[in-house]
Structures are given as structure tokens and as C-alpha cells.
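One structure is given here, and the rest of the page talks about it.
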Amino acid sequence: MSEEISVQLLQITEPGAAQDDVVTESTTAAIGIDLGTTNSVIATSTDEKAEVLKDDNGESLVPSVVAYAPDGSPFVGGIAKQFLLDRPETVVSSIKRLMGRGPEDVKSLGGVLPFDLVPQEEGETGMVRLKVGNHIKTPVDVSGDILGALKERAEDLLGKKVNKAVVTVPAYFDDAARTATKDAAKLAGLEVLRLVNEPTAAALAYGLDKGAEGVFAVYDLGGGTFDISVLRMQKGVFQVRSTGGDAALGGDDFDHAIAEHFLAERVKGLGESNISSSEVKVALMTGRIAKECLTSREDGVWMLEADGKQTSHSLDKVTFESLIEEHVDRTIKICRNVLDDAGISRDEIKGVVLVGGSTRVPLVRKKVEEFFGTKPLADINPDQVVAVGAALQAEALTVGSNTLLLDVTPLSLGIETMGGMVEKIIHRNTPIPVAKAQEFTTYQDGQTAMAIQVLQGEREMVDQCRSLAKFTLRGIPPMTAGAAHIRVTFSVDADGLLTVSAGEETTGIEQQVEVKPSYGLTEDEMAHMLRESMVHAQDDITDRLLAESRVEANRVLLAVEAALQVDGDLLNDEERGEIDVAIEKLKTAIAGTERPDIDGGVEVLDQATQVFAERRMDRGIRSALRGVNVDNLENKVSG
């Protein structure tokens, strides 16, 4: 008779962990987060059906505003906005615009910053730091507090622990801003499954919900950033064809325009010339309210109360639109460039998806419709569509999905080569994730190290692009110039973050760097980098050709001067003098800016050294044959 034995499987916790800390897939959730400049939204998805999480009042938007108590405790959302009137110095808003940026990047308003910055020492770099009440905060700290509040809200509404999230970022966020976003999520106790570009997330939400196929444009105008992406949607594959944008253009600029208008009236009315930081913050909040009201009204009157003084300001829709028109026109110019990049005409666009609260402004919708020649698609809430797409992607990465996202890198990446030129390794609008390698070599005989400078941008010369990182590959075996094989590899992951490695192939020596600059591109660099590459295209080509000629001429000079040191005795004084004259003329041409003079100088030097080269070859052959028996040589040749 056999005895039945029952075996109980026991769970073992991590060392030092309490039994209550054990979590399983059924007790945890992954969410999608739209971390916005003005408002943030969270969503969850099950069976490819996404749901935006709302509070008891049915509100899905969480204002991206943080107020700090005297003990440093953060208050996030609507409650923080209430502190703007009473204690504006303790409140931070629009922090997304500062992610990955330095002090000089912060946009000023009427000569006064809407943030109280902590002064930096001369030469000091790094992300901007803010003085908020009695506390010092970085944009990562503030964003971490916002994400922490969103995480807590999701856990309360879902009844589960939330430890993973897909977080959306503007398509034009650079490496520093993306890294800062991931760091903020870590502070909030969230593992970032993936950073997804906001237009891509919106297209994912729209495509799955509507079963859309074809070429679509996603026009995303949020509080602090603008993105435009052209995507092809087909059978569950979402391929970004091209993308563009401005990391410092959005609804905040509309608020700034109104605030500046109100502050100018206030200064004139009060007869004062100085504007305090509190007045700026209150004016920005009032400008935002006026903007939202004028979306559905023709005019209104608003009160500006700060520093114990109150002023009244009227504004109508016509004046409002005149204040913001230049900003809206900038978005249309970027749209035109992105369509050109994709090689797509406006007639091929099947629809334009509107994303971001600023697309509610009537002037924006009017300009978009005029440009694309079709009424924009706004049947999905523009405030929620990005979070919906993020939630769908979170489900895909944790449970699985039939959809595939193919995003792109917005700016070209490359390295510096001799002559201050940029050799692009990954071109803009390349689908990511991607890894590309290119082989380089040494410039001088016996070179044992190579300086690698990583660059971002569309221009041809180093000083016209953004430097992301520098490192040195050492231990290269001393060889003749051009003999070493240095393989440089650029890897961009699905989050758009870059890693660069360089190795010498014969020795296997390798150096790798994770590109993490101290802060991101400035407003002007980000907004105009692509535009300037087009405006200066011809000049850039001319500059590059000039640099290439200089590099080649210097290489020839090095070779000739090295040969003269070894075999100069083969020349008489007259012959040596002719070569010296040619060398000096070439050096003078290199110092100039005329490429034909440089190329002509190389040709003259080549002619002057022809006899010298022939004599060096003869000497080399005689040296090689010295002591060799003629019979043996004949046998060798016949064999």
C-alpha cells in the first residue's frame, strides 16, 4: 500500500525583507504616466483597453504644481495651486521646462525669473537649482515629488502597489532631459519600463482605438513643449517617419505673453519700474486663467493682486491672438520642415491628431487646419490621449501585445574628426533602438591615443554642434599613420539614451562611455539646430570642403617633412630650396581660406618632390637588394 505524501511549496522572502513586503504580479500594476508641464495624467490598461484614472470628483488632470511646507513636505496638484496666492515663494510650477537644463537656459519674464535660482560658482556647471521657501530643490527633486504623488494616487485608485511605469517625454527631449526624467522616477520608487515620445504615445492610442491606418501627423502642443511627428500606421506597426519640435515652445509662452501684457499695464498704472518674483508668479497664473477663459469667451477682466497691491486688466480674444500669433506660426514652420524631411506632401496626410491642452486655443486649430488642409482630429481628449498610449505600452511591455513601436532619434549623432569636422554615425530620424559602427584610423605616425568627442546636431563643423561627451582611447599600438583600425560604435536604446564605445581591433583595447551630459540643450540650440542646418547648408559644405583640404595638405606636409629628415641628403641645395619654397607656400595657403590655393599648393609640392620621391624609391630598392645573390633573385622572380 502506497502512502500519499503532500508537499507544500513555501515562499522565501529576500534577506531582511518583512513578510508583508512580498509582492506578486497580481498585487502590482504597471501604469502609463503623461508627465506634463501644466498637468499630468495617469492611466492603466487591461486587454488593450486603457482607462484614465480619475479622482472622486471625476477629475483626471493633476496640476504639475508642487508646494513645500516648512518641514519640506510636498503638496502636489490642486492644493498646491492654492498656495500661489498666499505663499507663492513656496510653489514651483512648469518644472518640466527645466529638466536637464542649466541656469542660463531658464527663460526670463520681463527681466525677472519666475524661479528663485541658487547662484552658481564661476565655471560651475550642472542642472539648475531652485530656492523654494527655505529649501533647495532641483528639477529632478520636484518632478520626483510629482511622480510620487501620481504613484500614490494610482495605488489608492487601483488598490494595488504600483512599481513600474511607462513615462512619456517630448520627442525633442535630449539625453540630459531624458536621463533627468528617469532619475525623477527612481526618486518616486518607479521603474521606468520605457520612455516613449509623446506624439508616438498619442498615435498608439488613436490607432488602437480607431483602427486607423495610413499616414498621420501628430501635432502636440503642451504647456512647455511642441512636437510634430509624421507616422505611418499599418497592421499594428507604428513607424515614425520624421519628427521635429521645440523643447521651449508651448502654452506657457501664451501665458508669458499675456502676463507680460498685464505686467506692462501694472507697472505703468502703479508708476513702478521693479517687478518682484511674486508678481511674476501671480501674473503667470492669471495669464493662464485668461488664456483658458478666452478659449470660449470673447473678452474678460482679470485682477492682479500681489505684494499688497491690486490692478485690473481687460483683454479680448483679438488682442490675445495678436499676442500669441508668432508662437503659433513657429509651430507651423516646424510642421512644414518635418513634412519635407519625411518626403511627404500635405495631400498624403490622412489626418492630424491634436495632443496637449494648448490645442484647445481656437487660433491653434485654425492655423493647423489651414496648413494641413483638413479639419484636425480632436475626438479623443487631447489632455488624456498621451497617458492612454503610455498605458497601452506599459501593458505591452509587461503582459504582451500585437503592436510594435518604431520611434526615431530626432537629431544626428557623430564624432569629431581631424580639422574640426563632424562625422555623423547615426543620422536624425533613424529608427530606435539602433547600434551603428564606423571605422576610423590614426592621423600621425606612432599615435598611441585617440580623443573621442561625441557630438549632436546637423551642422558640418564641431563648433556648430552640441558636445555631449569626451573620452580618450589609450593603448593603441604605435603604427604608421592610417594603419590602426579604431571601431567606434554608437548605441541608442529604446528610451533614446546614447552609449558610445571605441576599440582598437588588433589589440582588443576598448573604452566605453554612457553619455550623460550635466544638462541639456539650450532653448536656442534645441529650437534652431535643425533650422540652421538648412539655412547654412551651402556654407557648411564649403567649410567642410575647406577643412578636408587643410587636413589633406597637413598630411602631405607631415609626410614630406618626415622624408626630408631621413633622406634629405639625396637633394642638392637648389632642389632642396625649391621644395622648401613649395612647403612655405602651402603653409601660407593652409592659413588662408581659399580652398583652390590649398589644393594648388599641394599639387605644386607634389611636383617639386617627384624627383626626390624617385630617388628615395631607388635607395629603398638598393637597400632591399643589398647582399642578395643575382641567381637567387632570378630563382625568386621565376618562382
Side-chain angles (χ1 to χ4, degrees), residues 34-41 60-65 77-78 81 84 91-99 106-109 114-115 146 168-173 198-199 202 218-228 245-263 280-297 300 302 315 317 319-335 353-368 376 378 381-387 523 526-527:
D34 174 11
L35 182 62
T37 305
T38 308
N39 296 296
S40 296
V41 183
S60 62
L61 300 181
V62 179
S64 301
V65 182
K81 290 179 71 174
L84 267 172
V91 182
V92 181
S93 61
S94 298
I95 197 64
K96 184 175 176 179
R97 299 193 93 166
L98 302 188
M99 292 296 276
V106 181
K107 185 167 185 169
S108 62
L109 176 66
F115 306 97
I146 296 172
T168 61
V169 293
Y172 251 46
F173 253 21
E198 289 162 4
V218 181
Y219 180 100
D220 181 359
L221 186 61
T225 57
F226 170 68
D227 287 306
I228 175 71
D246 189 331
L249 173 61
D252 275 5
D253 293 287
F254 300 172
D255 303 341
H256 275 246
I258 298 172
E260 287 174 346
H261 180 73
F262 285 171
L263 285 173
V280 171
K281 289 187 177 184
V282 173
L284 284 170
M285 182 185 69
T286 307
R288 180 171 299 165
I289 294 170
K291 173 189 68 178
E292 293 170 355
C293 290
L294 291 173
T295 295
S296 56
R297 287 165 46 182
W302 291 271
L315 188 66
K317 183 174 286 187
T319 305
F320 166 56
E321 291 185 345
S322 69
L323 291 173
I324 68 169
E325 187 168 20
E326 65 171 301
H327 300 301
V328 181
D329 286 342
R330 278 169 62 194
T331 71
I332 300 302
K333 288 179 181 178
I334 295 171
C335 290
V353 179
L354 293 183
V355 181
S358 298
T359 59
R360 286 193 170 91
V361 175
L363 182 64
V364 171
R365 296 196 175 193
K366 177 185 173 185
K367 295 271 189 180
V368 170
N381 188 323
D383 290 317
Q384 300 178 1
V385 65
V386 170
E523 291 178 9
M526 187 68 83

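Quick caveat, the model's predicted, so the values are computed rather than measured.
- For the atom pair CD1 (Ile289) and CG (Leu294), the distance works out to 12.0 Å, reported to the nearest 0.5 Å.
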Check against side chain to side chain contact (heavy atoms under 4.5 Å, CB included), Arg365 and Arg360: CA-CA 7 Å; Arg365 296 196 175 193; Arg360 286 193 170 91; 4.1 Å; yes
Chi angles and distances behind the side chain to side chain contact (heavy atoms under 4.5 Å, CB included) call for Phe320, Cys293: CA-CA 11 Å; Phe320 166 56; Cys293 290; over 6 Å; no
Val218 and Asp227: CA distance, side-chain angles, deciding distance, side chain to side chain contact (heavy atoms under 4.5 Å, CB included) verdict: CA-CA 8 Å; Val218 181; Asp227 287 306; over 6 Å; no
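- Among residues two or more places apart in sequence or in another chain, the side-chain hydrogen bond (donor to acceptor under 3.5 Å, both in side chains) test is passed with Thr319 by Asp316.
- Summarising the geometry of Arg288 relative to Asp252, their closest heavy-atom pair is NH2-OD1, 3.2 Å, with the distance given to 0.1 Å.
- Contact between Thr359 and Val364 at its shortest, heavy atoms only, is CA-CG1, 4.1 Å.
- Between Glu325 and Lys367, at least one side-chain nitrogen of the basic residue sits less than 4.0 Å from a carboxylate oxygen of the acidic one, meeting the salt-bridge criterion.
- Atom CD1 in Ile95 sits 8.0 Å away from atom CE in Met99 (nearest 0.5 Å).
- The NE2 atom of His256 sits 13.5 Å away from the CG atom of Leu323 when rounded to the nearest 0.5 Å.
- Between Thr38 and Leu61, every side-chain heavy-atom pair lies at or beyond the 4.5 Å cut-off.
- Ser40 and Ser64 share a donor-acceptor pair across their side chains, judged by distance under 3.5 Å alone.
- Applying the side-chain hydrogen bond (donor to acceptor under 3.5 Å, both in side chains) criterion to Ser60, with sequence neighbours excluded, gives Gln384.
- Counting heavy atoms from C-beta outward, Val65 and Val91 have side chains that approach closer than 4.5 Å.
- Among all heavy-atom pairs drawn from Thr331 and Leu249, the shortest one is CG2-CD2, 3.7 Å.
- Within the 4.5 Å cutoff, the side chain of Leu35 has heavy atoms near those of the Ile146 side chain.
- Distance check, rounded to the nearest 0.5 Å: CD1 of Ile334 to OH of Tyr219 gives 9.0 Å.
- Separating the CG atom in Leu315 from the CD1 atom in Ile258 is a distance of 6.0 Å, to the nearest 0.5 Å.
- Smallest separation of non-hydrogen atoms from Ser358 and Gly250: OG-C, 4.5 Å.
- To the nearest 0.5 Å, atom CG of residue Asp34 and atom CD of residue Glu198 are 5.5 Å apart.
- Inter-residue side-chain proximity for Ser93 and Lys81 is flagged as unmet; no heavy-atom pair is nearer than 4.5 Å.
- Test Val386, Leu221, Asn381 against Val355 for side chain to side chain contact (heavy atoms under 4.5 Å, CB included) and you get one pass: Val386.
- Scanning all heavy atoms of the two residues, the minimum distance from Pro362 to Lys317 falls at CG-NZ, 4.2 Å.
- A salt bridge is defined here as a Lys NZ or Arg NE, NH1 or NH2 lying under 4.0 Å from an Asp or Glu carboxylate O, and Glu321 with Lys291 fails to meet this definition.
- The minimum heavy-atom distance linking Val385 with Leu354 is given by the pair CG1-O, 4.5 Å.
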